[in-house]
Peer 1: 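Shown below is the structure under consideration.
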Amino acid sequence: MPTNEISKIFENFLEKESLFIEKKVLQASYTPEELIHRDEEIKQLAKILAPALRTEKPSNVFLYGKTGTGKTVTAQYTAAEITKISKEKNIPIIVVYVNCKLSRIADTEYRVIAQLAREFGKNIPPTGLPTDEVYKIFFQTIDHEKQLIILILDEIDQLVKKVGDEIIYNLTRINTSLKNSQLSIIGISNDLVFTDHLDPRVKSSLSEEEIIFPPYNAIQLQDILRRRAERAFKKGVINQGVIEKCAAYAAREHGDARRALELLRVAGEVAERNGEQQVTITHIDAAEEKIERDRVIDIVKTQPKQQQTTLFAIFSLYAEKKNVMYTGDVYDVYKTSCKKVGLQPLTQRRVSDIIGELDMLGIINAKVISKGRFGRTREISVAIPQSIKPKIITILQQSLNVD
DNA sequence: GTCAATTCACATGAAAGAGACCACGGTCTAGTG
DNA sequence: CTAGACCGTGGTCTCTTTCATGTGAATTGACGA
């Protein structure tokens with residue numbers, strides 16, 4: 001591409017007026033200074049945490065609710081308020097927030113504890129130390145002076161699913177061995193039945209109090225979107241009905257506010273890229289498709305070779321007009337694909353797990369069914385929209401070097 | 001026709017191994033005064 | 001004499017294999033009406 005053409009693109013971009021004032025308001029990481037439609041939950045949580053201000057240990061709390069129902073924001077918001085007051089009154093309260101899922105920072109017992117210790121300024125190597133050594137360091141650090149620690153464990157269900165409930169058990173029991181400080185836990189989970197799999201002892205000590213976050217309804221979502229859109233977009237950019245449609249889309253998916261905001265942001269970006277002055281309803285449809293496409297492509301690209309090969313096998317079978325297939329079929333094709341790719345085939349046991357993982361990622365649907373006399377297996381079908389399939393297949397072929 | 005036993009084709013669990021990474025402490029080596 | 005290179009040990013982490021056990025309903029076959 002000639003240079004002047006590129007510079008033309010940039011120039012054009014600069015000439016076009018941005019539709020946004022402050023795009024970050026719509027981003028997932030943004031914490032608004034004022035929360036709406038979560039008053040009740042904030043009040044509850046505040047009541048539970050209030051004893052901390054008298055340096056009494058607050059109960060451990062458990063926050064439940066589906067994704068995008070404001071659990072994290074509520075916890076962070078309330079925690080911020082309490083630290084503000086504690087600072088004013090000089091009460092030693094420390095709030096630590098750990099997300100157990102985000103980018104593998106803290107998804108093992110060792111890493112969580114190490115992460116916690118790091119929050120208190122200790123330098124813990126990423127590996128190499130025995131786990132109990134890290135525990136010890138953490139213990140000593142927090143017990144160093146008299147203080148009250150509120151530990152927010154976000155996506156705690158992910159953590160427990162991966163490494164078991166031992167950490168939680170250890171953390172809830174930590175108070176008995178601490179002399180100076182005390183530790184309270186706020187657990188956040190979007191899995192509603194998560195505690196059922198928990199050790200009863202852990203369960204009772206962790207969820208001394210529970211707050212359930214109901215999904216937002218369409219009206220509430222509209223309020224939230226409007227509030228944010230006012231700050232994010234320039235005046236008059238948002239067309240009539242756009243907010244409503246965004247809210248309706250998200251409400252359909254269990255009232256996920258995060259998704260609603262993302263939809264609105266991407267719709268804005270799409271409009272901007274097309275050089276249009278207004279965000280209209282059609283942009284939302286485009287945004288929805290783009291989000292889905294980006295998500296799937298990103299997942300497929302970042303999968304390891306084995307997973308990709310498995311996926312490739314599934315798509316190959318699908319191309320043979322088999323809309324549903326079973327684990328055995330996939331494994332057979334997978335083995336021949338491995339030969340083509342030059343990969344050591346894994347055992348069926350492992351491939352079975354991989355199929356389960358791909359199902360979790362939402363690329364395929366895999367349902368365990370029993371075919372009676374003919375055994376039990378997974379019924380597998382492809383779960384991505386027709387429009388992206390060719391693209392995915394090319395990505396797989398490129399990545400695996402086959403045709 | 002009814003009902004329990006059988007049977008299939010995997011699912012699901014648990015344990016353990018391989019190989020990568022890392023910290024720590026001890027030993028060796030080369031450079032310095 | 002000392003800083004840095006180099007080892008061995010012991011630890012974690014991820015991915016995988018091996019072995020074992022579980023499972024839901026179509027099928028089978030005995031049984032009785």
Side-chain angles (χ1 to χ4, degrees), chain A residues 98-118 121-141 155 157-171 191 193-194 196-199 299-314 317 322 324-339 341-361 364-381 399-400:
Chain A
V98 178
N99 189 316
C100 306
K101 190 181 153 198
L102 261 186
S103 65
R104 48 176 49 193
I105 296 169
D107 57 359
T108 68
E109 182 172 13
Y110 181 98
R111 295 219 260 252
V112 171
I113 306 298
Q115 178 67 25
L116 289 176
R118 258 181 235 125
K122 281 281 163 185
N123 206 359
I124 306 279
T127 169
L129 291 182
T131 306
D132 33 339
E133 187 68 24
V134 185
Y135 264 110
K136 222 160 75 192
I137 296 174
F138 177 59
F139 266 33
Q140 283 166 0
T141 319
E155 318 237 15
D157 48 330
Q158 301 285 331
L159 178 66
V160 171
K161 205 182 283 167
K162 268 202 160 156
V163 293
D165 42 21
E166 213 164 295
I167 314 179
I168 321 273
Y169 183 65
N170 288 340
L171 281 176
D191 185 355
V193 292
F194 154 68
D196 294 352
H197 313 294
L198 234 48
D199 188 311
I299 290 173
V300 171
K301 267 191 184 158
T302 54
Q303 284 304 301
K305 281 268 186 295
Q306 293 288 0
Q307 273 78 342
Q308 285 182 344
T309 314
T310 314
L311 203 54
F312 182 70
I314 292 171
L317 273 169
K322 291 199 175 149
V324 288
M325 53 200 101
Y326 305 104
T327 305
D329 308 342
V330 173
Y331 187 64
D332 287 344
V333 180
Y334 160 81
K335 270 195 293 191
T336 52
S337 307
C338 270
K339 230 174 252 163
V341 179
L343 222 58
Q344 185 76 29
L346 300 174
T347 50
Q348 181 157 334
R349 175 72 186 83
R350 179 67 186 127
V351 173
S352 170
D353 276 350
I354 289 177
I355 291 172
E357 285 163 26
L358 292 172
D359 176 45
M360 286 287 287
L361 291 169
I364 60 174
N365 283 324
K367 203 173 87 194
V368 178
I369 54 154
S370 178
K371 293 196 293 169
R373 187 66 204 273
F374 306 106
R376 236 161 83 91
T377 181
R378 278 200 178 91
E379 192 179 71
I380 301 160
S381 59
S399 169
L400 297 171

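Because the structure is predicted, anything quoted here is derived from the model rather than measured. Letters A, B, ... are given to chains in the order of the sequence lines, protein chains preceding strands, and every chain is numbered from 1. We use all heavy atoms of the structure for the numbers below, so side chains are in, but hydrogens, waters and symmetry mates are not.
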Peer 1: Counting just side-chain N and O atoms, does A:Arg378 come under 4.0 Å of either OP1 or OP2 of C:dT23?
Peer 2: no
Peer 1: Atom CD1 of A:Ile137 and atom P of C:dT12: how far apart are they, to the nearest Å?
Peer 2: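 Rounded to the whole Å, the gap is 13 Å.
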Peer 1: Write down the distance between CD1 (A:Ile369) and C1' (B:dA9), rounded to a whole number of angstrom.
Peer 2: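 For the pair A:Ile369 CD1 and B:dA9 C1', the rounded distance is 11 Å.
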Peer 1: Could you tell me how far apart A:Glu357 (CD) and B:dA11 (P) are, to the nearest whole angstrom?
Peer 2: 13 Å
Peer 1: Quick check: on DNA chain C, is the nucleotide nearest A:Arg376 upstream (toward 5') of the one nearest A:Arg373, or the reverse? Name the residue that is more 5'.
Peer 2: A:Arg376
Peer 1: Grab the CD1-P distance between A:Ile355 and B:dC10 for me, whole Å please.
Peer 2: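 About 10 Å, once rounded to whole Å.
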Peer 1: Quick one: A:Lys367 NZ to C:dA25 P, roughly how many Å, whole number?
Peer 2: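 A:Lys367 atom NZ is separated from C:dA25 atom P by 12 Å.
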Peer 1: Rounded to whole angstroms, how far apart are CZ on A:Arg350 and P on C:dT14?
Peer 2: 12 Å
Peer 1: Ignoring backbone atoms, test whether A:Thr347 places a side-chain nitrogen or oxygen under 4.0 Å from the OP1 or OP2 oxygen of C:dT16.
Peer 2: no
Peer 1: Of the nucleotides C:dT12, B:dC10, C:dT16, which one has an atom closest to the side chain of A:Gln348?
Peer 2: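 From the listed options, B:dC10 comes nearest.
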Peer 1: Phosphate oxygens OP1/OP2 of B:dA11: is one of them under 4.0 Å from a side-chain N or O of A:Thr327?
Peer 2: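 Yes.
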Peer 1: Quick check for you: to the nearest 0.5 Å, what is the distance between A:Leu343 atom CG and A:Lys305 atom NZ?
Peer 2: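 The distance works out to 8.0 Å.
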Peer 1: Going by heavy atoms in the side chains, are A:Ile137 and A:Thr141 under 4.5 Å from each other?
Peer 2: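 A side-chain contact exists here, since the closest heavy-atom pair is under 4.5 Å.
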Peer 1: What is the distance from CZ of A:Arg111 to C1' of C:dT14, rounded to the nearest Å?
Peer 2: 9 Å
Peer 1: Nearest to the side chain of A:Thr377, which nucleotide is it out of C:dT16, C:dT18, B:dC10?
Peer 2: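 It is B:dC10.
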Peer 1: To the nearest Å, give me how far apart CG (A:Leu346) and P (C:dT14) are.
Peer 2: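 In whole Å, C:dT14 P lies 18 Å from A:Leu346 CG.
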Peer 1: Has A:Asp329 got a side-chain atom pairing as donor or acceptor with A:Tyr326's backbone, closer than 3.5 angstrom?
Peer 2: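 Side chain of A:Asp329 to backbone of A:Tyr326, a donor-acceptor pair under 3.5 Å: yes, one is there.
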Peer 1: Is the shortest heavy-atom distance from the side chain of A:Gln348 to the side chain of A:Tyr334 under 4.5 Å?
Peer 2: no
